[in-house]
Protein chains: 4
Amino acid sequence: MADKHAPDATRRSQRSRLAICEAALSLVAESGYDRLTVEGIAARAGVGKQTIYRWWPSKGAVLLDAFTETMVAGEWALPDTGDLAADLKTVLRATVDEFADPGFHAPYRALYVAMADDAELAAGFTAKVLEPGARAYAERIRAAQACGQADPGCDARLAAEALLAPFAQRWLMRNQPLSHAFTDSLVDLVLAGLRPRG
Amino acid sequence: MADKHAPDATRRSQRSRLAICEAALSLVAESGYDRLTVEGIAARAGVGKQTIYRWWPSKGAVLLDAFTETMVAGEWALPDTGDLAADLKTVLRATVDEFADPGFHAPYRALYVAMADDAELAAGFTAKVLEPGARAYAERIRAAQACGQADPGCDARLAAEALLAPFAQRWLMRNQPLSHAFTDSLVDLVLAGLRPRG
Amino acid sequence: MADKHAPDATRRSQRSRLAICEAALSLVAESGYDRLTVEGIAARAGVGKQTIYRWWPSKGAVLLDAFTETMVAGEWALPDTGDLAADLKTVLRATVDEFADPGFHAPYRALYVAMADDAELAAGFTAKVLEPGARAYAERIRAAQACGQADPGCDARLAAEALLAPFAQRWLMRNQPLSHAFTDSLVDLVLAGLRPRG
Amino acid sequence: MADKHAPDATRRSQRSRLAICEAALSLVAESGYDRLTVEGIAARAGVGKQTIYRWWPSKGAVLLDAFTETMVAGEWALPDTGDLAADLKTVLRATVDEFADPGFHAPYRALYVAMADDAELAAGFTAKVLEPGARAYAERIRAAQACGQADPGCDARLAAEALLAPFAQRWLMRNQPLSHAFTDSLVDLVLAGLRPRG
DNA sequence: GTCTAAACGAGACGGTACGTCTAGTCTTAAA
DNA sequence: TTTAAGACTAGACGTACCGTCTCGTTTAGAC
């Protein structure tokens, strides 16, 4: 029936919305997700708590909005120089560098945490961040398959996961170095599995 | 120098320790990690809160102890029938089935969450759970390399990660099915990358 | 300088305030001061603990507020029939009777306890309860001095204390009966000291 | 019936007993009664908690023992120079001075507190400390009555209370000075009530 | 250009859980 | 058997946030 009182989005204060997103990102970068509180965000943003609860269901949702808006530029296509291995290595090296910035990896890690307990947020994070990334990799691999650089019988999507998941895992665990050498080897391993078969 | 007052471990009550572990596991299976509280554990275990705080630094650490003790049998060697692909598929299918049990995957997921915010716990979880698993896979792959079933030039450890991480990722995200077909394909993909090169 | 964050008294919930006072009085009457807890008051009042800590610094302060509001009618003048001895005896007998009610003497005793360790509370209890009482006695005695019934050279305030303190002492100690006979004798003794001197 | 297991007092460690008493007195003088804890006493005395619980029912009881043993010399007779007023003033002035020492008044105040909630302790404190004092005053007054210095029709015990209680009250409340002038006036007032009647 | 309904800042409220502290009981080893 | 030591169950402490609920105060769209 009636959804509580759906607030009137046209009257929403953009000023507050931005302040909340910025506050959430800066706080999570400073102190980590478990010390991030709605009250803290409201205080830093100079905003009433209700203004947060009116527009977001949880602090995880705030973070997801803030992250996707600020961090995720929007374009997701991988470069295609004609050399699949080189392109993948280039992009993964850039990603390694990106994850060195606490302003980036702190909210990213926070979203990983929040996701595990909150299926709705997991769906959102997947749809807005993870899935587009995986799809871009799969697309690039499919292009290589199309021009004979990779075995067309292989599942491009699975190969994309085989590239991205070990990266994510190492980053999440923090127990092994996340280096260019690592991503390069990973590309080599997965691409070996994609060699066109004679 | 002195760490506060290190409690005397020889006087520790095993009765309480076990009750705490069992309570933690059952509660996390019932309600999820973010509804798991130290007070709840203490209440269900029939134990004073201080007894938990005396021996563990956080609820995540309790869960790690409880999980490794109860869930992780101890032996980690993979079967070796001589057929690498078959062996890997068998084990991964069994793991898929294992993760269908909430009594198993709930604490596992909880540890993933806790880990992301707590580097110390991450180290413990890695050392006691993830690392032994990865090592067992790498060992099996090395055995295959030794008898010519796999390219000896490949990094066995990296291949192990390429098998395990996509599995973990899908499970964590819940957005794609975690089926035998998936793990079988994954084995095929990674093993294709390990084909002995002519 | 700034007192933390002084809460906004205009928004204070009177409903909660009254419930807290009533809960404090009933609990102390039932179980005594040392079994009185802030949590217990909050629970019985149906109130969050923070609502108590926001407005009072200690359980003693709650009790003082509750007591002065409920028990202390406000008017403190002693009757003046022209007969000082009779008037004092009447009032003290009434006080003896009043102290037989646990609803009255329990919080009173509690405040005595709390006072001894808390100088601020002592000041409050003195100012709101003890001092007005002593002053009323002193005033009545001064009236008697003015009309020649008592020696004008005596310190009326000291005489008031000589009446009230032995009463308080016996009540506090519980080792001797607190009877009308006792207060009558006390009045006779002190008034003998106030006889107009020839 | 059997009283639990009455411990064997003949084997009691005097060393521990003394250490406990000293620890209790010094701690209460330093921090006040409400910060006095059994654990604190045990720690400072270098004694197990059980050793305290074995021999005393409460921290108040420890304090009473410690106080009576250390502070109350044992002899309670007031001087008798033949001049009642002078003798009383001398003794009360000395008492005023005694109460200026925190080592004395801190445990005394603590016992007042403890007493109000604990009838058993009240009986003990009364019997060992207050009552002997009151009796000594009453005795001195009776001596004066015997030699015609005071009205024999008056209740000497009541007069003693009229001297001691206002003193105790002022000390307990801390809101009025506790001076020699005050005790002198008090003696004068009460003694006026005891004047032999023509 | 008001008027008026909303979104807003602020923050009090009923609650839950935190991590700490102490009570009083129980167990162990030493003397 | 008493003692020092200290782990145990129990539960209150005072604090931090939760998410809900008023309060006036902006503020922006409809009159």
Side-chain angles (χ1 to χ4, degrees), chain A residues 5 7-13 15-17 19 35-43 45-55 57-59, chain B residues 5 7-13 15-17 19 34-43 45-55 57-59, chain C residues 5 7-13 15-17 19 34-43 45-55 57-59, chain D residues 5 7-13 15-16 19 35-40 42-43 45-55 57-59:
Chain A
H5 278 304
D8 180 349
T10 67
R11 308 192 99 186
R12 183 169 185 182
S13 159
R15 186 162 150 32
S16 297
R17 196 178 133 276
R35 264 180 245 153
L36 180 70
T37 66
V38 174
E39 294 204 330
I41 296 171
V47 139
K49 280 201 289 178
Q50 197 57 41
T51 301
I52 297 181
Y53 285 112
R54 184 157 26 233
W55 302 108
S58 66
K59 64 179 182 176
Chain B
H5 281 304
D8 180 348
T10 66
R11 297 208 160 169
R12 184 169 186 181
S13 160
R15 186 167 161 14
S16 297
R17 197 179 131 275
D34 59 358
R35 264 179 246 152
L36 181 69
T37 66
V38 175
E39 294 203 331
I41 297 171
V47 139
K49 279 202 288 181
Q50 198 57 44
T51 301
I52 298 181
Y53 284 111
R54 181 155 30 234
W55 301 110
S58 66
K59 63 181 183 175
Chain C
H5 282 303
D8 180 348
T10 66
R11 297 210 162 167
R12 185 168 186 183
S13 160
R15 188 167 160 13
S16 297
R17 196 179 132 275
D34 57 359
R35 264 182 246 152
L36 181 68
T37 66
V38 175
E39 293 204 331
I41 298 171
V47 139
K49 278 202 289 181
Q50 199 57 46
T51 301
I52 298 180
Y53 286 113
R54 183 154 32 233
W55 302 109
S58 66
K59 63 181 183 175
Chain D
H5 279 304
D8 180 350
T10 65
R11 309 192 95 187
R12 182 170 188 182
S13 158
R15 184 162 151 32
S16 296
R35 264 180 244 152
L36 182 68
T37 67
V38 175
E39 294 203 330
V47 139
K49 280 201 291 179
Q50 197 56 42
T51 303
I52 298 180
Y53 284 112
R54 190 163 13 242
W55 302 109
S58 67
K59 64 181 182 176

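Letters A, B, ... are given to chains in the order of the sequence lines, protein chains preceding strands, and every chain is numbered from 1.
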J.: List the atom of B:Val38, the atom of B:Lys59, and the distance in Å for their closest heavy-atom pair.
T.: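 Shortest heavy-atom separation between B:Val38 and B:Lys59 comes out as CG2-CB, 4.2 Å.
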J.: For D:Arg15, I'd like to know if atom CZ has over 12 heavy atoms of other residues, nucleotides or ligands within 6.0 Å.
T.: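 No.
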J.: Would you compute the distance between atom OG1 of A:Thr51 and atom CZ of A:Arg54 and round it to the nearest 0.5 angstrom?
T.: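 The distance works out to 5.0 Å.
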J.: Please list, chain by chain and in numerical order, all residues satisfying side chain to side chain contact (heavy atoms under 4.5 Å, CB included) with C:Thr37, sequence neighbours excluded.
T.: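 For C:Thr37, the residues satisfying side chain to side chain contact (heavy atoms under 4.5 Å, CB included) (neighbours in sequence not counted) are C:Glu39.
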J.: For B:Arg17 and B:Trp55, run side-chain contact (heavy atoms from CB on, under 4.5 Å): C-alpha distance rounded to whole Å, both residues' side-chain angles, the deciding distance at 0.1 Å, then the answer.
T.: CA-CA 9 Å; B:Arg17 197 179 131 275; B:Trp55 301 110; over 6 Å; no
J.: To the nearest Å, give me how far apart OH (D:Tyr53) and P (F:dT3) are.
T.: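 In whole Å, F:dT3 P lies 16 Å from D:Tyr53 OH.
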J.: Rounded to the nearest 0.5 Å, what's the gap from CD1 on C:Ile41 to CD1 on C:Ile52? Could you check?
T.: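 Result: 5.0 Å between the selected atoms.
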J.: What is the distance, rounded to the nearest whole Å, between atom CZ of B:Arg15 and atom C1' of F:dT9?
T.: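 So the two atoms are 11 Å apart, to the nearest Å.
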J.: Atom CG of C:Asp34 and atom P of E:dA23: how far apart are they, to the nearest Å?
T.: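 Rounded to the whole Å, the gap is 13 Å.
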J.: Starting at CD1 of B:Ile52 and ending at P of E:dA17, how long is that distance when rounded to a whole Å?
T.: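 In whole Å, E:dA17 P lies 13 Å from B:Ile52 CD1.
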J.: Expressed as a whole number of angstroms, how long is the span from B:Arg17:CZ to F:dA7:P?
T.: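 About 16 Å, once rounded to whole Å.
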J.: Find which nucleotide of DNA chain F each of C:Thr37 and A:Leu36 is nearest to by heavy atoms, and output the residue with the more 5' nucleotide.
T.: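 The 5'-side residue here is C:Thr37.
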J.: Between the protein and nucleotides 8-12 of chain E, which nitrogen or oxygen pairs are less than 3.5 angstrom apart?
T.:
residue: E:dC8; atom: OP1; partner: A:Ser13; partner atom: N; Å: 3.0
residue: E:dC8; atom: OP2; partner: A:Arg54; partner atom: NE; Å: 3.0
residue: E:dC8; atom: OP2; partner: A:Arg54; partner atom: NH2; Å: 3.4
residue: E:dC8; atom: OP2; partner: A:Trp55; partner atom: NE1; Å: 2.8
residue: E:dG9; atom: OP1; partner: A:Ser16; partner atom: OG; Å: 3.1
residue: E:dG9; atom: OP2; partner: A:Gly48; partner atom: N; Å: 3.1
residue: E:dG9; atom: OP2; partner: A:Thr51; partner atom: OG1; Å: 2.9
residue: E:dA10; atom: N3; partner: C:Arg11; partner atom: NH1; Å: 3.3
residue: E:dA12; atom: OP1; partner: C:Asp8; partner atom: N; Å: 2.9

